[in-house]
There are 2 protein chains.
Amino acid sequence: MNLSIAEENYIKSIYKLQEGDTVVTTNALAYELETKPASVTDMAKKLKDKKLIDYEKYKGFTLSAEGKKIALQIVRRHRLWECFLVDKLHFSWEEVHELAEELEHVRSEKLTNRLSEYLGNPLFDPHGDPIPDANGKLTKPRPQTSLDQATAKRVVVTAVTDQSTALLAFLNAKHIKLSTQLEIVEHYEYDNSIEIKIKQQPSITISEQVAKNIMVRPV
Amino acid sequence: MNLSIAEENYIKSIYKLQEGDTVVTTNALAYELETKPASVTDMAKKLKDKKLIDYEKYKGFTLSAEGKKIALQIVRRHRLWECFLVDKLHFSWEEVHELAEELEHVRSEKLTNRLSEYLGNPLFDPHGDPIPDANGKLTKPRPQTSLDQATAKRVVVTAVTDQSTALLAFLNAKHIKLSTQLEIVEHYEYDNSIEIKIKQQPSITISEQVAKNIMVRPV
DNA sequence: AATATTATTTAGACAAATCTAAATCATAAA
DNA sequence: TTTATGATTTAGATTTGTCTAAATAATATT
């Protein structure tokens, strides 16, 4: 199956919107891909011909088994490149998505597998999302919650959902990074702010708004 | 300047064929790009409009200053990725060209420079070709000759010109790799075969045909 | 149930990159 | 210098991915 970059992007976006087995609508996909519904309909026909999606007029689409397989390969490549960019080239979280978006289209299984090996076969990308293995199998995502919902006392940062420069600058200033261990000292009901402590540092208080965008898991 | 992948490939090939300041002909470029002369003429018009080449009907083309700059950026990315694939992912010489051909089209200066830094700012790629620096400056190529022409006694392997599986298998069996140091023990005039010695190993004799395809420089 | 609204598809067009076949130019040979 | 040959360009067509505007289907409202 030889797919164009455009076709790959459609497959990837359908996979993203599916989340389980929801039917994906024309409009939703057009919005996701920043294109027009008419273009989506055109592409849907092509992908149906290639048996990568199930599609009936006016009924939306879902990936076929083959389509899912290809989607997982693309996701695998994307997330591995993100790991590479962060771990090896020291990019920060928010910079890597765009670049990985391009690198993911280099379709070489050998390259992908070597890259994975080189990175130590990581199971999660820098945003905390699981990386499919060579067979397309996904580790179940870590049991992460946002920091404001956390019940454990000691947690480790797994992801940041808001990629705004403002938040990232804030986190940078406070030395909160991926894998940083936090101790939840106090939860103030009044404004839902949270007092946390990073080992060897004085404790700090962060607002609910910030806490909502920091994903953590129990350590 | 936002170039398509096709345009980048044309620029790169013109650069390759130019070698100094020779005028590149339509046919030569068509052959190099495995396309038809008519397509080359079409693209020549576009590149002329973008001021990347100098072109007059029936007179062939050369890169403009701007075109040369872009060509060097592409070459830089290509050769850095080749280094990455060989040094870090342990691909062998002959496998990397195709992959680098795809990776080179990710146009991010930041990525390119980080990659270069990560690799230790290499000056030569795995084939012995010089890598332009961030400003497009080229180190002058190493003074390499084919092994059968070598005058020095101790040399180091810098490249292999023939990429056939047969030759590569042979070299592999004899443990001759890039950067391998060789001592030239004897040169037999009868059949132009050469006796060489790799340190710690018994000396071996190789045919003229093999020697012609191994590039070396004095150590 | 009839009508209004929204979602989706169709029809027709366009730009990029390519092709084939025919025409034109440049140059080497007679 | 005329002719023949090969290189190059033009003309017109094709494919891919996109678009706008109009038509049609599905759904919600009255």
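In what follows, chains carry the letters A, B, and so on, assigned in the order in which the sequence lines appear, proteins first and then strands, with residues in each chain numbered from 1.
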Apply side-chain hydrogen bond (donor to acceptor under 3.5 Å, both in side chains) to B:Glu95 and B:Ser92, showing your working.
-> CA-CA 6 Å; B:Glu95 297 176 289; B:Ser92 58; 3.1 Å; yes
Mind checking side-chain contact (heavy atoms from CB on, under 4.5 Å) for A:Ala159 and listing every partner two or more places apart, or none if nothing turns up?
-> A:Gln144, A:Met215
Please indicate whether B:Lys36 has more than 12 foreign heavy atoms, meaning atoms of other residues, nucleotides or ligands, lying under 6.0 Å from its NZ.
-> no
Counting N and O atoms only, with roles assigned by atom type, does the side chain of B:Asn113 sit under 3.5 Å from a partner on the main chain of B:Glu109, one being a donor and the other an acceptor?
-> yes
Side-chain (A:Glu7) to main-chain (A:Ser4) donor-acceptor, under 3.5 angstrom = yes
In a check of side-chain contact (heavy atoms from CB on, under 4.5 Å) between B:Glu208 and each of B:Asn192, B:Asp191, B:Leu147, which one passes?
-> B:Asn192
Could you write nucleotides 12-19 of chain C as a row of B, S and -, 5' to 3', where a protein heavy atom under 4.0 Å of any base atom gives B, of only sugar-phosphate atoms gives S, and otherwise -?
-> ----SBBB
Determine to 10° how strongly the helix from C:dA1-D:dT30 to C:dA30-D:dT1 is bent, judged from the axes of its five-pair ends.
-> 10°
If you restrict it to nitrogen or oxygen atoms, what contacts under 3.5 Å exist between nucleotides 23-29 of chain C and the protein, and what is each distance?
unit_1, atom_1, unit_2, atom_2, d
C:dC25, O4', B:Tyr58, OH, 3.4

Sidechain N-carboxylate O distance under 4.0 Å for A:Lys16, A:Glu32 = yes
Nucleotide range of DNA chain D contacted by chain B, 5' to 3', under 4.0 Å to a heavy atom?
-> D:dA7 to D:dT10
Ignoring backbone atoms, test whether A:Asn27 places a side-chain nitrogen or oxygen under 4.0 Å from the OP1 or OP2 oxygen of C:dT8.
-> yes
Give A:Thr26 one of three labels, base, sugar-phosphate or nothing, depending on what nucleic acid heavy atoms sit under 4.0 Å from its own.
-> sugar-phosphate
Any donor-acceptor pair under 3.5 Å linking the side chain of B:Arg217 with the backbone of B:Thr158?
-> no
Enter the distance from A:Thr151:OG1 to A:Gln149:CD here, rounded to the nearest 0.5 Å.
-> 9.5 Å
State whether B:Phe84 and A:Lys88 meet the cation-pi test: NZ (Lys) or CZ (Arg) under 6.0 Å from the six-membered ring centroid, and within 45° of the perpendicular axis.
-> no
Could you please spell out the steps behind the side-chain hydrogen bond (donor to acceptor under 3.5 Å, both in side chains) verdict for B:Asp54 and B:Ser64?
-> CA-CA 6 Å; B:Asp54 298 317; B:Ser64 68; 5.6 Å; no
Please collect all ring pair (Phe, Tyr, Trp, His ring centres under 6.0 Å) contacts where either partner lies in residues 49-77 of chain B, sequence neighbours excluded, each pair once.
-> B:Tyr55-B:Phe61
With a 4.0 Å cut-off on heavy atoms, is B:Phe61 in touch with a base, just the backbone sugar-phosphate, or nothing at all?
-> nothing
Is a side-chain donor-acceptor pair under 3.5 Å present for A:Thr25 with A:Asn27?
-> no
